[in-house]
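Right, one structure below, let's go through it.
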Amino acid sequence: MNAEFVKSAVFEKDYPESALPEIAFVGRSNVGKSSMINSLLGRKKLVKVSAKPGKTRTLNFFNIENEIMFVDLPGYGFAAVSKSERASWAKCIETYLTKRDNLKACVLILDIRRLPSEEDMDMLGWLSETETHTLVILTKTDKLSNNQIAKQVRLIAEEVGIDKEHFFLYSSVTGHGKDNVWEALRSVAGL
Ligand code: GTP
Ligand code: MG
């Protein structure tokens, strides 16, 4: 798939000028946002990923086939950076999510092995209040057996308070779930 890095931005004035529908990838640090973008695009190294949390520190815009823009966001909940740095990342994310007219939907990524954190719950609540179209994706399914997956889906659905049918299952390692996610993304982007 033809995809190219457009630019990085922190402040609104630096967002790319574009009329493409945008999909933002949000979630806690290290959950696998950047990996998911690479995997959806079938590219290994378009987006930088790292085993250490806190890799993505700016908004990064990727133009996909001149049809849709993916926006990789910094993660939240990363304890090892200073309070002021965390506050500035939060501000960057919040400004983008509230101000960007191009934004069509958010992909909120959760690690299937963990219950959602307080910050995940805050983000889900905020996305719902602002009526932002949201796909909730449980990733890293390759780490669990089918039985464990079913159990985690049930527990996470209970915690979040949404029907488990609404979750997408994904693995950036195996590509499992890719077709379903693409179908949903194309639909929300109006393609
Ligand atoms: P920040 O940019 O720091 O917020 O992290 P991120 O959410 O972009 O995570 P990133 O894609 O950099 O991945 C973090 C780590 O998780 C890396 O070591 C990835 O290889 C690993 N990872 C991501 N997705 C998967 C997955 O589906 N399965 C497995 N097994 N590992 C994954
Ligand atoms: Mg990242």
Side-chain angles (χ1 to χ4, degrees), residues 1 3-10 22-62 64 69-97 105-124 126-127 134-150 152-153 156 167-182 184-185:
M1 191 170 299
E4 58 182 44
F5 172 66
V6 178
K7 72 183 301 197
S8 297
V10 174
E22 283 175 12
I23 309 282
F25 291 73
V26 300
R28 63 189 296 159
S29 270
N30 215 39
V31 74
K33 299 172 292 299
S34 301
S35 302
M36 188 175 291
I37 294 178
N38 282 332
S39 147
L40 285 170
L41 299 174
R43 299 274 294 264
K44 286 216 161 76
K45 290 184 181 159
L46 181 68
V47 194
K48 291 197 188 90
V49 310
S50 166
K52 286 192 205 134
K55 181 68 182 173
T56 309
R57 294 177 174 229
T58 56
L59 307 169
N60 294 311
F61 294 80
F62 298 89
I64 322 300
M69 192 91 83
F70 280 180
V71 189
D72 191 19
L73 267 55
Y76 47 76
F78 179 37
V81 293
S82 68
K83 219 173 173 183
S84 67
E85 196 170 3
R86 254 187 297 164
S88 71
W89 291 3
K91 180 85 197 149
C92 166
I93 296 168
E94 188 192 319
T95 304
Y96 172 79
L97 294 177
C106 278
V107 169
L108 187 286
I109 306 174
L110 301 173
D111 186 325
I112 188 146
R113 298 168 298 173
R114 313 173 63 155
L115 286 179
S117 68
E118 213 175 298
E119 278 160 308
D120 291 324
M121 295 303 289
D122 286 348
M123 181 57 82
L124 280 162
W126 187 85
L127 290 169
T134 305
L135 268 64
V136 182
I137 303 188
L138 309 183
T139 196
K140 305 195 183 179
T141 56
D142 58 282
K143 299 266 198 185
L144 298 181
S145 69
N146 286 339
N147 277 344
Q148 290 171 315
I149 290 173
Q152 284 302 106
V153 167
I156 297 170
F167 292 136
F168 290 82
L169 298 179
Y170 202 84
S171 165
S172 296
V173 169
T174 65
H176 176 85
K178 202 164 151 173
D179 293 346
N180 284 342
V181 169
W182 261 120
L185 292 178

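Sequential numbering from 1 along the given sequence is applied to the chain's residues. Just follow the structure's listing: the first ligand is 1, and inside any ligand the first atom is 1. Keep in mind that what you see is a predicted model, and the values were worked out from it rather than measured.
Counting heavy atoms closer than 4.0 Å to ligand 1, residue Ser50 contributes backbone atoms (N, CA, C, O) but none from C-beta onward. Residue-level proximity to ligand 1 for Lys143 is carried by the side chain, the only part with a heavy atom below 4.0 angstrom. Contacts with ligand 1 closer than 4.0 Å are made by heavy atoms of both the backbone and the side chain of Val49. Residue Thr139 touches ligand 1 through its side chain alone, judged by heavy-atom distances below 4.0 Å. Only the backbone of Pro53 comes within 4.0 Å of ligand 1, counting heavy atoms alone; no side-chain atom from C-beta on gets that close.
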Going through the distances and angles, do Thr56 and Ser34 end up as a side-chain hydrogen bond (donor to acceptor under 3.5 Å, both in side chains)? CA-CA 8 Å; Thr56 309; Ser34 301; 3.1 Å; yes
Step by step, would you call Gln148 with Ser145 a side-chain hydrogen bond (donor to acceptor under 3.5 Å, both in side chains)? CA-CA 5 Å; Gln148 290 171 315; Ser145 69; 3.3 Å; yes
Are Trp182 and Phe70 close enough, and set up right, to give a ring pair (Phe, Tyr, Trp, His ring centres under 6.0 Å), and what steps lead you there? CA-CA 12 Å; Trp182 261 120; Phe70 280 180; 5.6 Å; yes
Go through the steps to decide whether Leu115 and Leu110 satisfy the test side-chain contact (heavy atoms from CB on, under 4.5 Å), and finish with yes or no. CA-CA 8 Å; Leu115 286 179; Leu110 301 173; over 6 Å; no
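Counting heavy atoms of neighbouring residues, nucleotides and ligands inside a 6.0 Å radius, atom CZ of Arg86 exceeds 12 of them. For NZ of Lys91, the number of neighbouring non-hydrogen atoms (other residues, nucleotides, ligands) closer than 6.0 Å is 12 at most.
If you check which protein heavy atom lies closest to atom 22 (N) of ligand 1, you get Lys140 CE, 3.7 Å.
Atoms CZ and CD1, from Phe62 and Ile37 in turn, are 6.0 Å apart once rounded to the nearest 0.5 Å. Once rounded to the nearest 0.5 Å, the distance linking CE of Met36 with CG of Asp72 reads 11.0 Å.
For ligand 1, the polar-atom distance check against Gly54 finds a nitrogen or oxygen pair separated by under 3.5 Å. Backbone and side-chain nitrogen or oxygen atoms of Ser172 are examined, and one is located within less than 3.5 angstrom of a nitrogen or oxygen of ligand 1. Between Met36 and ligand 1, no pair of N/O atoms sits closer than 3.5 Å. For a threshold of 3.5 Å applied to N or O pairs, the pair formed by Asn30 and ligand 1 contains at least one separation below that value. Taking distance alone, with nitrogen or oxygen atoms compared against 3.5 Å, Asp142 approaches ligand 1 more closely than that limit. Looking at Lys33 next to ligand 1, an N or O pair under 3.5 Å apart turns up.
Not a single N, O or S atom of Ser50, from either the backbone or the side chain, sits less than 2.8 Å from the Mg ion (ligand 2). Distances from the Mg ion (ligand 2) show that Thr56 has an N/O/S atom below 2.8 Å.
The atoms of ligand 1 that sit less than 4.0 Å from any heavy atom of Gly75 are 4 (O).
In this structure, the side chain of Lys7 does not engage the main chain of Leu59 through any donor-acceptor pair within 3.5 Å. Distance alone, capped at 3.5 Å, places no donor-acceptor pair between the Glu22 side chain and the Met69 backbone.
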